[in-house]
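As a basis for the values below, the full set of heavy atoms in this structure was taken, side chains included, without hydrogen atoms, waters or symmetry mates. Letters A, B, ... mirror the listed sequences (proteins, then strands); counts begin at 1.
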Number of protein chains: 2
Amino acid sequence: MINDPRSLSPKEFFEKGHNYFLPHISIDCVIFGFHDNQLKVLLLEWKDTHRWCLPGGFVLKGEDINDAADNTLRMRTGLQKIILHQFHTFGDPNRDRGTHGHNTPPHVKGPSWIMERFITIGYWALVEFSKVTPTPDQFSASCQWWEINSIPTLILDHNVIVKKALESLRLQLNDYPVGFNLLPPKFTMPELQSLYETILGETLDRRNFQKKMIALDIITRLNERKQGGAHKAPYLYKFDKKKYQNALKKGISFGI
Amino acid sequence: MINDPRSLSPKEFFEKGHNYFLPHISIDCVIFGFHDNQLKVLLLEWKDTHRWCLPGGFVLKGEDINDAADNTLRMRTGLQKIILHQFHTFGDPNRDRGTHGHNTPPHVKGPSWIMERFITIGYWALVEFSKVTPTPDQFSASCQWWEINSIPTLILDHNVIVKKALESLRLQLNDYPVGFNLLPPKFTMPELQSLYETILGETLDRRNFQKKMIALDIITRLNERKQGGAHKAPYLYKFDKKKYQNALKKGISFGI
DNA sequence: TCTGGTTGTGTTTATTGTACACAATGATAA
DNA sequence: TTATCATTGTGTACAATAAACACAACCAGA
C-alpha cells in the first residue's frame with residue numbers, strides 16, 4: 001500500500017505513475033470565474049519553460065473520471081461540490097504537436113509513461129471568483145486567473161479546449177441558469193447582465209434583460225442596495241433555489 | 001509489419017490486441033435509422049451469450065478517436081462520410097457491472113487486456129435506413145435494427161449510453177437540421193413530421209409543422225407525388241444543400 | 001360510386017420578443 | 001451648497017413568432 005499517488009514526487013510520478021494511473025488518458029478542466037465584469041479562466045504556469053496550460057490530472061486505475069475531474073478542481077481552487085460539466089473528449093494523436101510545435105513537459109528525464117500519446121477528457125466548471133484560492137501543483141510555478149480574451153498561447157491543444165469549453169458554456173446558458181454559479185450570493189442586476197453579456201459576447205437591452213430575469217421567477221430582490229459605487233445604488237438580488245426547483249418542474253427556458 | 005489489426009482472429013485479438021490498440025479506451029456508436037415511422041438503433045448480438053450490445057471498437061495507438069468511430073460505423077453499415085457526433089465519455093469504473101450483473105465478453109479464455117476496465121467514448125450517427133447493410137463483426141451472431149422503444153437489456157451500461165445519445169440528438173435537433181440525414185433524398189412532409197415526432201417523442205400540429213419547415217427555406221417541393229399509398233398522394237420534397245448553406249449564414253433556428 | 005383515411009391549405013388569437021425615453025439617485029466637482 | 005454626470009429603475013407600443021383550429025380535395029379499395 002502507498003499513500004495518495006497524487007502526492008508522489010515529480011521523479012516518482014514520471015517513473016512510476018503508470019502503476020497508479022490509467023495510461024493515455026488525462027483530464028483537463030476549464031475553470032471559469034467572473035470578476036471586474038470580465039470572464040476569467042484559471043491557468044497554470046509550468047516551471048522551467050514558463051508556458052501556460054489548463055489545470056489537469058490523471059485518472060486512478062479504479063477511479064470514476066468525474067471524480068478525477070473533481071479532484072483537479074478541488075486541488076486548484078480549494079472548492080468542493082462544484083458542478084463539473086464534461087463537454088468533449090479530445091483524441092487527435094497529434095494534439096501534442098499542434099500549431100505551436102512539439103511540447104515536452106518540464107522535468108522529464110529519460111523515458112516516461114507521460115511522454116506517450118494522451119486522450120484528454122474536457123470539463124468546465126463555473127466558480128465564485130472570490131471563494132477561489134488559486135493553488136499551483138507541484139509542476140507549476142504559479143496558478144492565476146486570465147481574462148478569457150487575453151489568454152496566451154497554451155501548451156498542446158489547450159487553446160482549442162478553452163474555445164470549445166466556451167462554446168459549450170454558451171449553449172448551456174440557454175438551457176440552465178448556469179450564470180448564477182459565477183456570482184456571489186448577493187448580486188445586482190447590472191452585474192448579472194454584465195455576466196451574460198460577457199459569456200455571450202454581445203450587449204443586451206437593460207430593460208428587456210431585467211424583465212426576462214424577473215419573469216423566470218428564480219431570483220428575489222432584497223430590501224438592500226449595493227453601497228460604495230460611484231452612482232445610484234442598485235438593488236441586490238439573490239438566487240432562490242426553491243423557486244428554481246419549482247420553475248424547473250414547469251419547464252422554463254433560460255434563453256436570452 | 002502486420003496486416004490490419006482489425007482483422008485479427010478472436011484468439012489473436014484477445015491475446016495480442018494490446019500491442020495495437022490503446023488500453024482502457026473503447027468507442028461505442030449509437031447508429032440511428034428511421035423506417036416504418038419508427039426510430040431505430042443498430043445493435044449487435046453476441047455469439048454464445050446472445051446478449052445485445054452497441055456496435056463499438058477500439059482505438060489504434062496512432063489513430064484519431066474520430067477515425068476509430070468512423071471505422072466502426074463503416075464496418076457495421078457499409079456507409080462512409082457520415083457525420084458522427086461525439087456526445088459523451090463514460091468513465092464509471094464499474095460500468096462493466098451495473099444493474100445487470102457482471103458482464104464477461106464471450107470467447108475470452110484466460111487473462112486478456114479486454115477484461116480490464118474501459119472508458120468508452122460515445123458517438124451517434126444518423127443514417128439512411130435503406131442504404132445500410134447491417135453487418136455483424138466476428139464476435140457477433142447478428143446485426144439488426146431495433147425500434148428505440150423496444151430495445152432489450154444490453155450489456156454493460158449500453159442502455160444508459162443509448163438514452164444519453166437520444167437526449168443529445170434531441171438537443172441537436174433544435175440547432176441543426178439533423179433529421180434530414182435520416183430520410184431518403186426524396187421524402188414527403190408527413191414522413192418528415194413523423195420523424196420529428198418520433199425523435200422528440202411528442203405529436204406536432206400538421207399545419208404549423210409544414211409552415212415552419214417551409215419557412216426554414218432549406219427544402220424544395222418537387223413536381224412529383226409519392227404514389228402507391230392507400231390515400232391522397234403527398235408531394236415529394238428534397239433537402240436543398242445550397243439553400244441550407246445560405247440559411248446557415250443568416251443564422252436560422254431549427255427549433256420545433 | 002361510395003366510403004374512409006389521408007393530404008393540402010389560411011386565418012385568427014395568444015404569446016413572446018424588441019425597441020425605445022425619462023425621472024430618480026448618489027458621488028464628485030465646481 | 002449646488003450643478004453635473006454616469007448610472008439605476010421603470011412601462012408601453014409595436015413586431016414577430018407560436019399556437020389553435022376546419023374544411024375541401026384526393027386516392028384506393030369496397
Whole-Å distance between [N] [atom2] and [X] [atom1]?
{"X": "B:Tyr235", "N": "C:dT7", "atom1": "OH", "atom2": "P", "answer": "14 Å"}
{"X": "A:Tyr237", "N": "D:dT8", "atom1": "OH", "atom2": "P", "answer": "11 Å"}
{"X": "A:Lys226", "N": "D:dT7", "atom1": "NZ", "atom2": "P", "answer": "15 Å"}
{"X": "A:Ile214", "N": "D:dG11", "atom1": "CD1", "atom2": "P", "answer": "12 Å"}
{"X": "A:Leu204", "N": "C:dG17", "atom1": "CG", "atom2": "P", "answer": "13 Å"}
{"X": "B:Phe209", "N": "C:dG8", "atom1": "CZ", "atom2": "P", "answer": "13 Å"}

Check whether any side-chain N or O of [X] sits under 3.5 Å from a backbone N or O of [Y] as a donor-acceptor pair, and report yes or no.
{"X": "B:Asp67", "Y": "A:Asp92", "result": "no"}
{"X": "A:Gln80", "Y": "A:Arg74", "result": "no"}
{"X": "B:His158", "Y": "B:Leu54", "result": "yes"}
{"X": "B:Asp205", "Y": "B:Asn208", "result": "yes"}

Proximity to DNA chain C (any heavy atom under 4.0 Å), residues of residues 184-196 of chain B only: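 Heavy-atom contacts with DNA chain C come from B:Pro190.
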Near DNA chain C, counting only heavy atoms under 4.0 Å, which residues of residues 216-224 of chain B show up?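 Per residue number, the list reads B:Arg221.
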Under the side chain to side chain contact (heavy atoms under 4.5 Å, CB included) test, residues paired with [X] that sit two or more places apart:
{"X": "B:Phe187", "value": "B:Phe180, B:Leu183, B:Glu191, B:Leu192, B:Ile219, B:Tyr237, B:Phe239"}
{"X": "B:Ile82", "value": "B:Leu73, B:Leu79, B:Ala125, B:Val127"}
{"X": "B:Thr89", "value": "A:Ile65, A:Gln86, A:Thr89, A:Ile121, B:Gln86, B:Ile119, B:Ile121"}

Partner residues of B:His231 under the ring-ring contact (aromatic ring centres under 6.0 Å, His included) criterion, sequence neighbours left out: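 With neighbours one apart ignored, the set is empty.
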The criterion is salt bridge (Lys or Arg N to Asp or Glu O under 4.0 Å); which residues satisfy it with B:Glu128, sequence neighbours excluded?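 B:Glu128 satisfies salt bridge (Lys or Arg N to Asp or Glu O under 4.0 Å) with B:Lys131 once adjacent residues are dropped.
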A:Lys243: which residues meet the salt bridge (Lys or Arg N to Asp or Glu O under 4.0 Å) condition with it, sequence neighbours left out?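 Checked A:Lys243 against salt bridge (Lys or Arg N to Asp or Glu O under 4.0 Å); matches are A:Asp217.
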Under the side-chain hydrogen bond (donor to acceptor under 3.5 Å, both in side chains) test, residues paired with A:Glu224 that sit two or more places apart: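 side-chain hydrogen bond (donor to acceptor under 3.5 Å, both in side chains) check on A:Glu224 returns A:Lys186.
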Can you name the side-chain hydrogen bond (donor to acceptor under 3.5 Å, both in side chains) partners of A:Tyr235, sequence neighbours left out?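 Once residues adjacent in sequence are excluded, the partners of A:Tyr235 under the side-chain hydrogen bond (donor to acceptor under 3.5 Å, both in side chains) criterion are A:Arg225.
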For nucleotides 10-16 of chain C, print each protein N/O atom paired with a nucleotide N/O atom at under 3.5 Å, atom names and distance only.
residue: C:dT11; atom: O4; partner: B:Lys211; partner atom: NZ; Å: 2.9

Students often mix this up, so state it plainly: with edges at 30° and 60°, are the rings of A:Phe32 and A:Trp124 parallel, tilted or perpendicular?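 Correct class here is perpendicular.
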Show each protein N/O and nucleotides 25-27 of chain D N/O combination with a separation under 3.5 Å, one pair to a line.
residue: D:dA25; atom: N3; partner: B:Lys232; partner atom: NZ; Å: 3.4

